[in-house]
Amino acid sequence: MDKLKALYLLNNRDLIYGPEQQHSLQAMVEFVGPPETAESIEQNMACLEDVDLILSGWGAPKLDAQFLAHCPNLQAFFYGAGTVRSFVTDAFWTQEILLTSAYAANAVPVSEYTLSTILLSLKRFWPLQKSIKEQGTYPSQTERNKIVGAFGTTVGLVSLGMIGRLVCERLRPFDMQVIAYDPFATQSDADNLGVTLVPLEELFAQADVVSVHTPWLPETVGLIMGTLIGSMKPNSTFINTSRGAIVREDELIATLEARPDLWAILDVTWPEPPEHGSPLYSLPNLIITPHIAGSLTQECRRMGQYMVEELARYLAGDPLKWEITEEKARIMA
């Protein structure tokens with residue numbers, strides 16, 4: 001049987017599809033040409049006519065009516081990265097083209113980043129290292145007594161999507177209570193994850209650490225207000241690895257200025273990076289990292305491997321594990 005014809009279409013093939021992934025893909029499909037980018041394909045649209053499958057990733061082209069008109073045989077689009085919101089259009093959903101994404105693979109390093117920052121926060125790692133650097137000596141016993149540690153403490157997760165669920169799994173070995181807010185989660189979901197569902201206000205008031213994993217949707221913009229963060233317990237920590245627009249940053253800044261005992265860890269901001277001169281750069285009780293929680297360098301190969309495995313399922317006629325439907329795309333990050 002002839003192999004299906006495929007094309008790489010993304011910014012940097014080798015970042016996501018390394019030698020091992022390329023070898024596996026080459027054995028399964030026939031590539032009709034060298035890798036293309038969203039820019040280069042505009043000068044070579046004719047090559048899309050015979051393409052059955054597209055292997056993509058960051059830098060995917062906009063899948064609008066104009067692009068799809070050049071892809072009469074396209075059966076499936078394999079996106080070796082996370083969110084599909086930037087390139088999928090309404091026109092795409094009118095076509096009978098399967099879409100799958102490596103969002104679950106990208107969730108792995110985010111959950112690892114989150115776990116590490118939660119545990120360090122419960123040890124008050126950030127304020128104590130700051131104090132030692134500034135004072136040139138160890139902090140007083142009074143300051144050390146503010147450490148709550150992991151035993152018997154409470155972690156609050158805002159949203160139980162793929163990342164939130166992975167964080168729950170990674171927190172299982174620790175003797176702590178995990179509470180969560182997610183209007184879409186069922187009691188069965190909570191029971192399976194070992195978490196307690198609570199209202200958003202209660203979550204912020206109870207948790208020693210709050211970690212946000214909410215998708216960026218019109219309904220979630222500005223969800224996290226300063227009053228919520230200001231209601232947190234003394235010496236607690238707020239973490240955001242989701243999207244900056246979820247948090248009202250001006251209110252966050254004002255709260256951190258008024259509550260020097262609180263700490264925040266932001267891997268995402270809005271805009272990104274923050275504007276020059278933003279207080280986010282200088283607040284003494286804020287840790288900011290440059291959107292590093294997700295897949296970087298070698299970690300990106302995991303996303304490519306997920307798409308290799310997904311393609312194998314497709315060719316075998318098995319259900320796709322990570323398929324994105326129109327309904328699912330509406331509530332994903």
Open item on the list: As a quick check of understanding, evaluate ring pair (Phe, Tyr, Trp, His ring centres under 6.0 Å) for Y306 and Y79, giving each step before the final call.
Closed with: CA-CA 10 Å; Y306 270 43; Y79 185 63; over 10 Å; no

TODO: Could you give me the CA-CA distance, side-chain angles and deciding distance for H276 and S278, then say whether side chain to side chain donor-acceptor pair (under 3.5 Å) is met?
DONE: CA-CA 6 Å; H276 180 72; S278 168; over 6 Å; no

Task: Verdict with reasoning, W126 to L120, per side chain to side chain contact (heavy atoms under 4.5 Å, CB included) - done: CA-CA 8 Å; W126 323 105; L120 288 173; 3.9 Å; yes

- [ ] For the pair N73 and E49, evaluate side chain to side chain donor-acceptor pair (under 3.5 Å) and give the outcome as yes or no after the intermediate values.
- [x] CA-CA 7 Å; N73 297 311; E49 185 173 349; over 6 Å; no

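Distance CG/D52 to CD1/I97: 11.5 Å, rounded to 0.5 Å. Taken from CG in L55 to CG in L10, the straight-line distance is 8.5 Å, to the nearest 0.5 Å.
At most 12 non-hydrogen atoms from other residues, nucleotides or ligands lie less than 6.0 angstrom from CD of Q66. Heavy-atom neighbours of E326 CD from other residues, nucleotides or ligands within 6.0 Å: above the threshold of 12. Surrounding CD of E20 are at most 12 heavy atoms belonging to other residues, nucleotides or ligands under 6.0 Å away. Under a cut-off of 6.0 angstrom, the local environment of CG in D90 is sparse, with at most 12 non-hydrogen atoms contributed by other residues, nucleotides or ligands. For CD of E275, the number of neighbouring non-hydrogen atoms (other residues, nucleotides, ligands) closer than 6.0 Å is 12 at most. Within 6.0 Å of CD in E327 there are 12 or fewer heavy atoms belonging to other residues, nucleotides or ligands. Heavy-atom contacts from other residues, nucleotides or ligands closer than 6.0 Å to NZ of K321 number 12 or fewer. Heavy-atom neighbours of K146 NZ from other residues, nucleotides or ligands within 6.0 Å: above the threshold of 12.
Here the side chain of R248 pairs a donor or acceptor atom with the backbone of G222 at under 3.5 angstrom. Using a distance-only test at 3.5 Å, with no hydrogens or angles considered, a donor-acceptor pair links the side chain of N192 to the main chain of S188. Side-chain atoms of K62 come within 3.5 Å of backbone N or O of S86 as a donor-acceptor pair. E251 places no side-chain N or O within donor-acceptor distance of the main-chain N or O of M225, the cut-off being under 3.5 Å. With hydrogens and angles disregarded, a donor-acceptor distance shorter than 3.5 Å links the side chain of T220 to the backbone of P215.
Defined by atom type and a distance below 3.5 Å, a donor-acceptor pair is missing between the side-chain atoms of S131 and Q135. Side-chain contact annotation: Q22 with D14, donor-acceptor N/O pair under 3.5 Å present. S295 and N106 form a side-chain donor-acceptor contact under 3.5 Å, judged by distance and modelled atom types alone. For the residue pair E143 and Y138, no side-chain donor N or O sits within less than 3.5 Å of a side-chain acceptor on the partner.
For the pair S56/F78, no side-chain contact is recorded, criterion being any heavy-atom separation below 4.5 Å from C-beta on. With contacts defined as side-chain heavy-atom distances shorter than 4.5 Å, the pair L203/V158 qualifies.
Across T154, D208, D261, a single residue satisfies side chain to side chain donor-acceptor pair (under 3.5 Å) together with K233, and that is D208. For the side chain to side chain donor-acceptor pair (under 3.5 Å) with D267, the lone residue among T114, N240, T289 that qualifies is T289.
Minimum interatomic distance between A91 and A65 (heavy atoms only, all atoms of both residues): CB-N, 3.7 Å. Residues R170 and P173 share a closest heavy-atom pair of O-CD, 3.2 Å. Across C300 and W58, no two heavy atoms sit closer than the pair SG-CZ3, 3.6 Å. Nearest heavy-atom pair across V155 and L171 is CG1-CD1, 4.0 Å.
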